[in-house]
Novice: 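Sharing a structure with you now.
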Amino acid sequence: MKANSKGLLLVVSGPSGAGKGTVCAEFLKRNPDTFLSISATTRKPREGEKDGENYYFISEQQFKDKIAADGFIEWACFCGNYYGTPRDKVEEMLESGRDVILEIEVQGAMKVRSEYPEAVFLFVVPPSMQELKNRLVGRGTEQEDVIAKRLETAVWELSNTFKYNYIILNDNLEDAVSRFSAIVTAEKARVARNREFIQSFS
Ligand code: ADP
Ligand code: 5GP
């Protein structure tokens, strides 16, 4: 089936530690044509994170300059650091027909919705608050005070779930990836996204 010529924009949010990164990485392994947008951030790199791979790690001044140059589709401050989605690559990928994933927090996602109303909004949820804490602690990438801040923010983020189109329960990774794939398949089959193909019959 010839789908809409433009790619699908998938916006993935969820509380820190829910497993957004893990689910997206697994989805991307199975769907290598999908493009994962690399954000810019003022956060310091974690051990093993590489500039230009996980994030573009930039200074606060560089971040502000990019805002002034309208270089971000959206940006937000999360737990004391700035994060933003660079505009150029996302537009280029969507125009070329590739699906794009933005893995971003809630405030930024809502800004994307006003500019891209046709985007699909997915919210990754953990099985419980206790499991969220276990995963965040178990990941071992943040100090205790940062974990506490992220868990506090998680309560607010979860209260925003109703603004999204779908939840993806990440209890078991394999099931979560299947849910993700099923949503993408269904969204691609929407009549509204296949007008050109449908009209080709008349
Ligand atoms: P996020 O990107 O939402 O902050 P991560 O993808 O970094 O979360 O996952 C947080 C931690 O939870 C990681 O250590 C990851 O390996 C683990 N994790 C992710 N998904 C699952 C799952 N389905 N079951 C158990 N642990 C998981
Ligand atoms: P982390 O520090 O764990 O990598 O990311 C913290 C939060 O920032 C996560 O919820 C992540 O999805 C979000 N995030 C990452 N990149 C962006 C971005 O470009 N814009 C926004 N608004 N949030 C982002």
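Start at 1 and go down the list; that is how both ligands and their atoms are numbered.
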Novice: Does the residue Glu157 have a heavy-atom contact with ligand 2, meaning some pair of atoms that are separated by less than 4.0 Å?
Specialist: no

Novice: Could you tell me whether ligand 1 has any atom less than 4.0 Å away from a heavy atom of Gly14?
Specialist: no

Novice: Less than 4.0 Å is my threshold; does some heavy atom of Val124 fall inside it relative to ligand 1?
Specialist: no

Novice: Any heavy atom of Gln107 closer to ligand 2 than 4.0 angstrom?
Specialist: no

Novice: Judged on heavy-atom distance to atom 20 (N) of ligand 1, which of Asn170, Leu169, Thr141 sits nearest?
Specialist: Asn170

Novice: Does Tyr83 have its ring centroid less than 6.0 Å away from the ring centroid of Phe63?
Specialist: no

Novice: Are Leu151 and Val146 connected into the same hydrophobic cluster when the rule is that any two of I, L, V, M, F, W, Y join if their side-chain heavy atoms are below 4.5 Å apart?
Specialist: no

Novice: Starting from Val106, can I reach Val124 by hopping between I/L/V/M/F/W/Y residues whose side chains sit under 4.5 Å apart?
Specialist: no

Novice: Considering the heavy atoms of Lys20, write down every atom of ligand 2 situated less than 4.0 Å from one of them.
Specialist: 10 (O), 12 (O)

Novice: Heavy-atom distances under 4.0 Å decide this one: backbone, side chain, both or neither, for Arg150 against ligand 2?
Specialist: side chain

Novice: Do Gly84 and ligand 2 have an N or O pair less than 3.5 Å apart?
Specialist: yes

Novice: Could you tell me which atoms of ligand 1, counted from 1 in the order shown, lie closer than 4.0 angstrom to a heavy atom of Leu173?
Specialist: 23 (N)

Novice: Starting from atom 8 (O) of ligand 1, locate the nearest protein heavy atom and write down its residue, its atom name and how far away it is, to 0.1 Å.
Specialist: Gly19 N, 3.1 Å

Novice: Would you indicate whether Arg190, at its atom CZ, is surrounded by more than 12 heavy atoms from other residues, nucleotides or ligands within a distance under 6.0 Å?
Specialist: no

Novice: In terms of atom number and element, which parts of ligand 2 are under 4.0 angstrom from non-hydrogen atoms of Arg43?
Specialist: 1 (P), 2 (O), 4 (O)

Novice: Does Gly17 reach ligand 1, in the sense of a heavy atom lying below 4.0 Å from it?
Specialist: yes

Novice: Please check if the side chain of Asn31 supplies one atom and the backbone of Asp33 the other of a donor-acceptor pair under 3.5 Å.
Specialist: no

Novice: Please name the residue in the list Asn170, Leu158, Leu132 that meets the side-chain contact (heavy atoms from CB on, under 4.5 Å) test with Val125.
Specialist: Leu158

Novice: Any salt bridge linking Arg87 with Glu74? Criterion: basic side-chain nitrogen under 4.0 Å from a carboxylate oxygen.
Specialist: no

Novice: Output yes when the distance from some N or O of ligand 2 to some N or O of Trp75 is under 3.5 Å, and no in every other case.
Specialist: no

Novice: Yes or no: does Pro15 have any heavy atom under 4.0 Å from an atom of ligand 1?
Specialist: yes

Novice: Provide the number and element of each atom of ligand 2 under 4.0 Å from a heavy atom of Ser39.
Specialist: 16 (N), 17 (C), 18 (C), 19 (O)

Novice: So between Arg150, Glu105, Arg135, Lys20, whose heavy atom ends up nearest atom 24 (N) of ligand 1?
Specialist: Arg135

Novice: Spell out, yes or no, whether Tyr164 and Leu102 are grouped together once hydrophobic residues are joined by side-chain heavy atoms under 4.5 Å, including indirect joins.
Specialist: yes

Novice: Give me the nearest non-hydrogen protein atom to atom 2 (O) of ligand 1 as residue plus atom name, then the distance to 0.1 Å.
Specialist: Gly21 N, 2.9 Å

Novice: Within less than 4.0 angstrom of ligand 1, does Ser16 place any heavy atom?
Specialist: yes

Novice: Considering heavy atoms of the protein only, find what lies nearest to atom 7 (O) of ligand 1 and give residue, atom and distance to 0.1 Å.
Specialist: Arg139 NH1, 2.8 Å

Novice: Is it the case that ligand 2 has an N or O less than 3.5 angstrom from some N or O of Glu74?
Specialist: yes

Novice: Is atom NZ of Lys149 surrounded by more than 12 heavy atoms (other residues, nucleotides or ligands) closer than 6.0 Å?
Specialist: no

Novice: Between Glu49 and Arg43, is the closest basic N to carboxylate O distance under 4.0 Å?
Specialist: yes

Novice: Does a side-chain N-to-carboxylate-O contact under 4.0 Å join Asp145 and Arg150?
Specialist: no

Novice: Against heavy atoms of Asp171, which atoms of ligand 1 measure under 4.0 Å?
Specialist: 22 (C), 23 (N), 24 (N)

Novice: In plain terms, say whether Glu115 and Lys111 are close enough for a salt bridge, that is, a side-chain N and a carboxylate O under 4.0 Å apart.
Specialist: no

Novice: Between Phe197 and Phe201 (judged by ring centroids, cut-off 6.0 Å), do the two rings come close enough to count as a pair?
Specialist: yes

Novice: Is it the side chain, the backbone, both or neither of Tyr83 that has a heavy atom closer than 4.0 Å to ligand 2?
Specialist: both

Novice: Please state whether Phe72 comes within less than 4.0 angstrom of ligand 2, counting heavy atoms only.
Specialist: no

Novice: Quick one: look at Lys44 and ligand 2, take heavy-atom pairs under 4.0 Å, and tell me if it's side chain, backbone, both or neither.
Specialist: neither

Novice: Taking only heavy atoms of Ala76, which atoms of ligand 2 are found under 4.0 Å from at least one of them?
Specialist: 22 (N)

Novice: Using atom types as modelled and distance alone, determine if a side-chain donor or acceptor of Glu196 lies under 3.5 Å from a backbone N or O of Gln199.
Specialist: no

Novice: What I want to know is whether Thr22 and ligand 1 share at least one N or O pair that is separated by under 3.5 angstrom.
Specialist: yes

Novice: Suppose we measure from atom 12 (O) of ligand 2 to each protein heavy atom; which comes out shortest, and what is that distance?
Specialist: Glu103 O, 3.2 Å

Novice: Would you indicate whether Arg98, at its atom CZ, is surrounded by more than 12 heavy atoms from other residues, nucleotides or ligands within a distance under 6.0 Å?
Specialist: yes

Novice: Looking only at side-chain N and O atoms, does Gln62 offer a donor or acceptor that is under 3.5 Å from a partner on Tyr56?
Specialist: no

Novice: To check your reading of the model: name the closest protein heavy atom to atom 15 (C) of ligand 2, its residue, and the distance in Å.
Specialist: Tyr55 OH, 3.2 Å

Novice: Would you mind checking if Arg139 and Glu142 are paired as a salt bridge, meaning a charged N to carboxylate O distance below 4.0 Å?
Specialist: yes

Novice: Atom 13 (C) of ligand 2: which protein heavy atom is closest, and how many Å away?
Specialist: Glu105 N, 3.6 Å

